[in-house]
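Below you'll find the structure, written out as structure tokens, and then a few comments.
Labels below follow one simple rule: chain letters A, B, ... track the order of the sequence lines, proteins then strands, and each chain is numbered from 1.
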Protein chains: 2
Amino acid sequence: MRNYMRNTLTIFAASLLLGWFSNGSYATTYEANQKVAESLNSKAQQSDLAYKIAESLTVEIGPRLAGSAEDLLAVDWATAKLQSLGFDKVYKEPVVVPVWQRGSASARVVAPYPQPLVLTALGGSVATPEKGLTANIVRFDNLNALKHANKKNVEGKIVFIDQKTERFKTGAGYGKTVGARVNGAVEAAKLGAVAIVIRSIGTDSDRMPHTGMMRYDDDVTKIPAAALSAPDADQLTAMLARSQDVSIQLTLTPKDLGTMTTYNVIGEFTGATKPDEIVLLGAHLDSWDEGTGAIDDASGVAIVTAAAKLIGELPERPARTIRVVLFAAEEIGMIGGKAYVEQHKAELSKHYIAAESDFGAGPIYRADLRVAPAVFSQAQQLLAPLAHADVEQGDNNARGGSEVSLLPAHGVPVASLRQDGRDYFDYHHTPNDTLDKIDPAALAQNVAVYAQFAYLMAQSSLELRPIK
Amino acid sequence: MRNYMRNTLTIFAASLLLGWFSNGSYATTYEANQKVAESLNSKAQQSDLAYKIAESLTVEIGPRLAGSAEDLLAVDWATAKLQSLGFDKVYKEPVVVPVWQRGSASARVVAPYPQPLVLTALGGSVATPEKGLTANIVRFDNLNALKHANKKNVEGKIVFIDQKTERFKTGAGYGKTVGARVNGAVEAAKLGAVAIVIRSIGTDSDRMPHTGMMRYDDDVTKIPAAALSAPDADQLTAMLARSQDVSIQLTLTPKDLGTMTTYNVIGEFTGATKPDEIVLLGAHLDSWDEGTGAIDDASGVAIVTAAAKLIGELPERPARTIRVVLFAAEEIGMIGGKAYVEQHKAELSKHYIAAESDFGAGPIYRADLRVAPAVFSQAQQLLAPLAHADVEQGDNNARGGSEVSLLPAHGVPVASLRQDGRDYFDYHHTPNDTLDKIDPAALAQNVAVYAQFAYLMAQSSLELRPIK
């Protein structure tokens, strides 16, 4: 409520300011827009549309790994869903993706304390030999320690990186540890390791490993890579405290099956007076394969789709086009996002602003922007109604999130509508990413924020470029 | 603290009372015992012995399903541990157990929304045909609804019981739902079902199924039985809301491999003046196979072992023998407990009192007894020092827990030292039953309570029989 009152005063001040330097009709339009935003907020907070969309995607399609048969079912689902919701235009654009299948993952401690371990292959990992491989493990506190290790301590061993991911509202712990997942295999292989297992990049202590993409270098041996659950990482560390000779047997059977064409799915409500100018709302349609992709990213799909739909239900279309882009293949390297940039290069100058929802279903608490510094405070004033949904104003350093983070390099203004992600990395990329992890009320709050944001931006008369 | 003060007054009143109706030396002994109990409390609360024991068992042995090779390793571990802790006597007694191996469990929705399901076989389940079985599911709210179902709605189908287990401090939710696990297969088979899948008997919403024992009737067809994780049960229910024809494919490969001899492992500190009279502290050594059996029941093993050890470290042995019994094969039907009763039948009359720790590592909040009603309040007064560990006095209706619950039928007084079990059924019988779920401080509090309880009972001059 404190934010709400502060922002109400800001609205009032902004009205005076805008009234002073622009004409009377501008001020009238400004107030009218604010009223519409307020009505979108009320409507969104009471709507279960987003929850129904998230439920539909997770129940009717479930897991939809990019490059799988289910990925194509999800494309059909998305196309039909946007059409059934009455978007003015629905279309899809091809994206070529690698086809990687997880197969099975098993591991066990061979000595000194024989017992099974719980792990999963990292996305893109090569397989072990068919009958597995067995070697002693060598533990490192983090990726940096591995980088500085002596080759003779690593050669022929299975590298084990055991860094805990800290819990933050912003999710900032992830950025500090994910390097081990992405680059660990290359660094370990450079020192002659035969495989790598990492402590899952997650904030939970569930016996459930977190998958996620890793990469290889063409000129470094490709070694199998897997993530252990947190309790399994603890278990290995406890064993190492008792004996330096801890050997494990690891069997991974992923397959690389070439490439496949999937699609970005796009739905638009066409702008009334500036139809070629675009307010882009993004999310990604693909998911990892072990959960049902509820918080990553059925929630994002649901939030941006429902927000656009609420704007589409208004008596009049706003000035600019609202474009919902459900990106393909985010998880395996933002391939859909890169394809979008390529395919829409000529049109990127007409992208007024873009935002993406890909951080679960926690409530939005803050709105960051990346716009021309000269209009930053006016843009904030325009967005003052977000306070109705308990969103505070942020800074002008937004990255834009996932695919949309590719756009500022092309001059496109972006917003980061920042969600409370305290529990996001408990479930991220695990079998536990299921519908029950979505709080319907928080999801509705997200819709309220995206709807207001998109509407106000679609109506704005500010020139947001050149961005900072 | 409120309890502590109330009980301190009770101690004072009890001292006066006992001083009044007994002789002076009794009162002196009484006060001396209370002081020793107080010192045991302080020592236990500061000791990490129990945590080290739990760590040793879960790390060095890990899962130890009754009838497995690891079960025998656990017997050797327990024998060596009790010996190394200086128990006066350590011995083991044979227990014949069935050998059941889990094998693998997989399931998927075939139609209308193809996708994998996460489940695990219930303990004792028969296998499906090698290539699995496929059938429509029929959902019931609970076991009772199944019992009253019409055969024509069940025949040829896979029964799905979807009852949620509620969370209580006492764990009382479990008793209301576990019938579906134990008796569901028999009831389903009576109506012609080809298999049964139940919502896991657990309070969590993790995508992790809870195993546990089920039973068959010799005169009813044995059908495969499995538990779905909570999110998977939700998923099936959401599908059934969209279509009555939901078919799943189920493959379970457990094996029944005859019988094996394992052991109850027993350690004693011999009583100084009444060595043939026994204060029994129980826990079970076996565990389910998917976790490392930390809260079920390495914590119990650690609590009772550490409590006895603290008493063993006193300058003088108490009057009665403290007997720690680490039971075999609790999980698969209290087989070790039944064997103990059989093997010690002649000696049961010399069991002064018994208690068992088998409800995780949450703090003890209350002490219930089952003793002669005539001495109940005096027994409570004797146990007043438990208030030092924040334990309140309970009633005279204790069951005694797990194996020890078999003893009142033979006239043996028992206590239930009741733990806060609010999160116990989040992890119970899942891969998530790992060492990180044990709070070392709460574990130490348990030791403090068991040590005081055992010491005070070993010194007591009350006649606790005949029990209520």
**Study point:** Greatest number of heavy atom pairs closer than 4.5 Å to chain B - which of A:Gly62, A:Ala294, A:Ala69, A:Ser205
**Key:** A:Ser205
Study note, to complete from the structure: The reported gap from OG in B:Ser243 to CD in A:Glu60 (rounded to nearest 0.5 angstrom) is 10.5 Å
Exercise for review: Check each atom of B:Ser68 against the heavy atoms of chain A and say whether the ones under 4.5 Å are side chain, backbone, both or neither.
Suggested key: neither
Review point. Taking everything shown except B:Lys164 itself, do over 12 heavy atoms lie less than 6.0 Å from its NZ?
Key: no
Review point. Who passes side chain to side chain contact (heavy atoms under 4.5 Å, CB included) against A:Ser106, sequence neighbours left out?
Key: A:Thr251
Review point. Looking at A:Thr430, A:Asn432, A:Asp433, A:Asp436, which one forms a side chain to side chain contact (heavy atoms under 4.5 Å, CB included) with B:Arg207?
Key: A:Asn432
Study note, to complete from the structure: side-chain hydrogen bond (donor to acceptor under 3.5 Å, both in side chains) filter on B:Asp76, not counting sequence neighbours, yields none
Point to revise | Part of B:Leu73 lying under 4.5 Å from any heavy atom of chain A | key: neither
Check your understanding: Contact part of A:Pro112 toward chain B, heavy-atom cut-off under 4.5 Å: side chain, backbone, both or neither?
Key -> neither
Practice item. Apply side chain to side chain contact (heavy atoms under 4.5 Å, CB included) to B:Thr120 and list each qualifying residue two or more places apart in sequence or on a separate chain. Key: B:Arg102, B:Pro209, B:Thr211, B:Glu290
Review point. How long is the gap from CD on A:Gln115 to CG on B:Asp289, to the nearest 0.5 Å?
Key: 12.5 Å
Check your understanding: Is it the case that more than 12 heavy atoms not belonging to B:Glu166 sit under 6.0 Å from its CD atom?
Key -> no
Point to revise | Interface moiety of A:Val118 toward chain B, non-hydrogen atoms closer than 4.5 Å | key: neither
Review point. Taking all atoms of both residues into account, what is the closest heavy-atom pair of A:Glu55 and B:Ala238, and its distance?
Key: OE2-CB, 4.4 Å
**Study point:** Interface residues of residues 228-237 of chain A facing chain B - non-hydrogen atoms under 4.5 Å apart
**Key:** A:Pro231, A:Asp234, A:Gln235
Exercise for review: Could you look at A:Thr434 and say if it's the side chain, the backbone, both or neither that has a heavy atom under 4.5 Å from chain B?
Suggested key: side chain
